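Every value quoted in this text rests on a predicted model; they were computed, and no experiment measured them.
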Amino acid sequence: QVHLVESGGGLVQAGGSLRLSCAASERTFSTYSLGWFRLSPGKEREFVAAIGWSDTLTYYADSVKGRFTLSRDNAKNTVYLQMQYLKPEDTAAYYCAAVRGNMLASAATNYDYWGQGTQVTVSS
């Protein structure tokens, strides 16, 4: 089992920045692709971003493109979601997920392992 732990969530003012982290227990972390999803009341789980084996292989939802940046540090078994120009509509619980292989997947069903989530709240 691959255990994923998200952190970095909190309260931030609109227009501000926040960096989320997802730390993995898996020693072979570098062989996994990861994705970020978010969930807020009244909405279905929404894809945010995905990353393959390197920072050059990334994919973003249109709603966050240009504002969010996904990167990974394999030496630390960690992926980062840098969020900038945050909007109130970005408020949600954010989850990271992992799947073995080098791919960009936007569907939650493609992922085998999930973290517990971290709450992001953006005030007006």
Side-chain angles (χ1 to χ4, degrees):
Q1 288 288 321
V2 177
H3 293 94
L4 305 172
V5 180
E6 302 97 330
S7 62
L11 177 64
V12 64
Q13 189 175 10
S17 300
L18 200 63
R19 188 180 75 164
L20 304 184
S21 299
C22 178
S25 63
E26 177 58 49
R27 185 182 65 83
T28 58
F29 173 77
S30 62
T31 67
Y32 287 78
S33 294
L34 291 100
W36 283 92
F37 295 80
R38 63 188 184 186
L39 181 65
S40 61
K43 292 185 177 182
E44 294 185 3
R45 182 168 48 188
E46 178 187 16
F47 168 76
V48 177
I51 188 169
W53 287 357
S54 73
D55 292 353
T56 61
L57 187 61
T58 55
Y59 175 63
Y60 301 91
D62 288 340
S63 60
V64 305
K65 190 176 299 180
R67 300 188 299 119
F68 291 10
T69 302
L70 188 58
S71 62
R72 65 189 298 160
D73 186 342
N74 290 335
K76 296 181 178 180
N77 284 7
T78 302
V79 295
Y80 304 98
L81 183 65
Q82 180 66 51
M83 306 184 295
Q84 301 184 117
Y85 307 105
L86 283 163
K87 306 174 181 179
E89 50 263 45
D90 293 319
T91 296
Y94 284 72
Y95 299 84
C96 67
V99 60
R100 186 75 176 269
N102 188 28
M103 67 188 74
L104 296 174
S106 60
T109 53
N110 286 290
Y111 295 90
D112 297 316
Y113 308 99
W114 292 81
Q116 85 291 346
T118 186
Q119 179 67 37
V120 172
T121 302
V122 184
S123 62
S124 301

Name every donor-acceptor pair, under 3.5 Å, that has one atom in a side chain of residues 107-114 and the other anywhere in the protein, sequence neighbours excluded.
from	atom 1	to	atom 2	distance (Å)
Asn110	ND2	Ala107	O	3.3
Tyr111	OH	Ala105	O	2.6

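In terms of heavy atoms, Asp55 sits closest to Arg72 at OD1-N, 3.0 Å. When all heavy atoms of Leu39 and Arg45 are compared, the closest pair comes out as CD1-N, 3.7 Å. The two residues Gly9 and Val120 have their closest heavy-atom pair at CA-CG2, 4.2 Å. Closest heavy-atom contact between Ala98 and Tyr32: CB-CD2, 4.2 Å. In this structure, Glu26 and Asn77 approach most closely via the heavy-atom pair O-ND2, 2.9 Å. For the residue pair Leu104 and Ala50, the shortest heavy atom distance occurs at CD2-O, 3.6 Å.
The main-chain N or O of Thr91 is never found under 3.5 Å from a side-chain atom of Thr121 such that the two would form a donor-acceptor pair. Between the side chain of Glu6 and the backbone N or O of Gly117, at least one donor-acceptor pair lies under 3.5 Å. A donor-acceptor contact shorter than 3.5 Å links the side chain of Ser25 to the backbone of His3. Side-chain N or O atoms of Asn102 include one that pairs as donor or acceptor with a backbone N or O of Trp53 at under 3.5 Å.
For the pair Arg100/Thr31, a side-chain contact is recorded, criterion being any heavy-atom separation below 4.5 Å from C-beta on. Put simply, the side chain of Glu89 does not reach to within 4.5 Å of the side chain of Ser63, judged on heavy atoms. When side chains are defined from C-beta on, Leu81 does not count as touching Arg38, because their heavy atoms never get closer than 4.5 Å. With a 4.5 Å cut-off on side-chain heavy atoms, Val99 and Ser33 count as touching.
Side-chain heavy atoms closer than 4.5 Å link hydrophobic residues (I, L, V, M, F, W, Y) into clusters, and following such links, even through other members, never connects Ile51 to Phe47. The cluster map of Ile, Leu, Val, Met, Phe, Trp and Tyr, joined by side-chain heavy atoms under 4.5 Å apart, puts Phe37 and Val64 in different clusters. Cluster membership check: Trp36 shares its hydrophobic cluster with Val12, using side-chain heavy-atom separations under 4.5 Å among Ile, Leu, Val, Met, Phe, Trp and Tyr. Grouping the Ile, Leu, Val, Met, Phe, Trp and Tyr side chains by contacts below 4.5 angstrom, directly or via other members, places Tyr59 with Tyr95.
Aromatic ring orientation, Tyr94 versus Phe68: tilted (interplanar angle from 30° to 60°).
Heavy-atom contacts from other residues, nucleotides or ligands closer than 6.0 Å to CD of Gln13 number 12 or fewer.
Evaluation of the side chain to side chain contact (heavy atoms under 4.5 Å, CB included) rule for Ser30 yields Asn74 as partners, not counting sequence neighbours.
Atoms CD and CG, from Gln82 and Leu20 in turn, are 9.0 Å apart once rounded to the nearest 0.5 Å. Here the CE-CG distance, from Met103 to Leu34, works out to 11.0 Å after rounding to the nearest 0.5 Å.
Listed by first then second residue, pairs satisfying disulfide (SG to SG under 2.5 Å) with a partner in residues 19-114 read Cys22-Cys96, not counting sequence neighbours.
The pair Asp90-Lys87 fails the salt-bridge criterion, with no side-chain N (NZ, NE, NH1 or NH2) lying under 4.0 Å from an Asp/Glu carboxylate O.
By the 6.0 Å and 45° rule, Arg67 does not stack over the aromatic ring of Tyr85.
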